Amino acid sequence: MGHLARQTALPQAHDPRPRGGWDKSWYQVHTDIFEASFLPNGLMDLDVVCNAHVLVHLPDGSQWSATVFTITEVERLMVSGPGSDEALGGAYFRVPDALIVRNPGIDNITQVIARLIETDTFADIFQRLNECPRA
């Protein structure tokens with residue numbers, strides 16, 4: 001992935017480069033603005049992940065989820081549908097908590113999540129899993 005495990009003596013305001021590692025089947029990513037747990041669809045090469053469940057933990061204690069696909073992965077899934085009973089033989093693709101990204105890889109998906117948080121669009125896309133934390 002190239003951007004992992006950076007160590008510094010001085011804290012950075014916002015370091016967009018994630019630090020991460022495996023925890024059983026989940027790949028954990030820690031940034032300055034969120035923590036994410038990725039469950040890749042059977043892939044160990046993090047640069048080519050194109051289909052993954054992701055759980056995001058924000059500093060306020062809230063927990064969020066989405067299923068992330070690349071455009072290419074959606075197309076592959078739809079093409080494999082004809083002749084099956086699934087999704088009317090590939091006539092449509094539906095995942096209630098889907099987030100479609102252009103490029104594969106945990107780094108790319110992490111950058112997209114960071115931008116969604118920074119632009120206040122994160123809560124419009126990700127599904128909240130817990131109640132509002134009490135103040």
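The shown structure was predicted, so the numbers you read here are calculated from the model rather than taken from an experiment. Position 1 is the first residue of the sequence; numbering continues from there.
Put simply, the side chain of N130 gets close to the backbone of G61: a donor and an acceptor are under 3.5 Å apart. No donor-acceptor distance shorter than 3.5 angstrom exists from the side chain of N51 to the backbone of F69, with no hydrogens or angles considered. The closest donor-acceptor contact from the side chain of N108 to the backbone of N103 lies under 3.5 Å.
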For V56 and E35, run side-chain contact (heavy atoms from CB on, under 4.5 Å): C-alpha distance rounded to whole Å, both residues' side-chain angles, the deciding distance at 0.1 Å, then the answer. CA-CA 6 Å; V56 175; E35 294 183 3; over 6 Å; no
Assess the residue pair L58 and I117 against the criterion (side-chain contact (heavy atoms from CB on, under 4.5 Å)); give the C-alpha distance rounded to whole Å, side-chain angles, the decisive distance to 0.1 Å, and a yes or no. CA-CA 10 Å; L58 297 180; I117 291 169; 3.7 Å; yes
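Taking CD of Q127 as the start and OG1 of T67 as the end, the distance is 9.5 Å to the nearest 0.5 Å. Rounded to the nearest 0.5 Å, atoms CD1 (I109) and SG (C50) are 8.5 Å apart. Summarising the geometry, atom CZ belonging to R128 is positioned 12.0 Å from atom OG belonging to S65; distances are rounded to the nearest 0.5 Å. Between the NE2 atom of H57 and the CG atom of L55 there is a distance of 5.5 Å, given to the nearest 0.5 Å. The distance from atom CG of L116 to atom CD of Q111, rounded to the nearest 0.5 Å, is 12.0 Å. For the atom pair CE (M78) and OH (Y92), the distance works out to 10.0 Å, reported to the nearest 0.5 Å.
Counting heavy atoms from C-beta outward, L77 and E73 have side chains that approach closer than 4.5 Å. Between F126 and I113 there is a side-chain heavy-atom pair separated by less than 4.5 Å. Using a 4.5 Å cut-off on side-chain heavy atoms (C-beta onward), F38 and V29 make contact.
When all heavy atoms of S25 and L39 are compared, the closest pair comes out as O-CD1, 3.5 Å. Between E118 and I33, the shortest heavy-atom distance links the atoms OE2-CD1, 4.0 Å. Scanning both residues, V74 and I100, for their nearest heavy atoms gives CG2-CD1, 3.6 Å.
Remark: the T119 side chain and the T121 side chain contain an N/O donor-acceptor pair separated by less than 3.5 Å.
Tracing side-chain contacts under 4.5 Å through hydrophobic residues (I, L, V, M, F, W, Y), one never reaches L99 starting from L129; they form parts of separate clusters.
For W64 and F122, the ring centers are positioned less than 6.0 Å apart.
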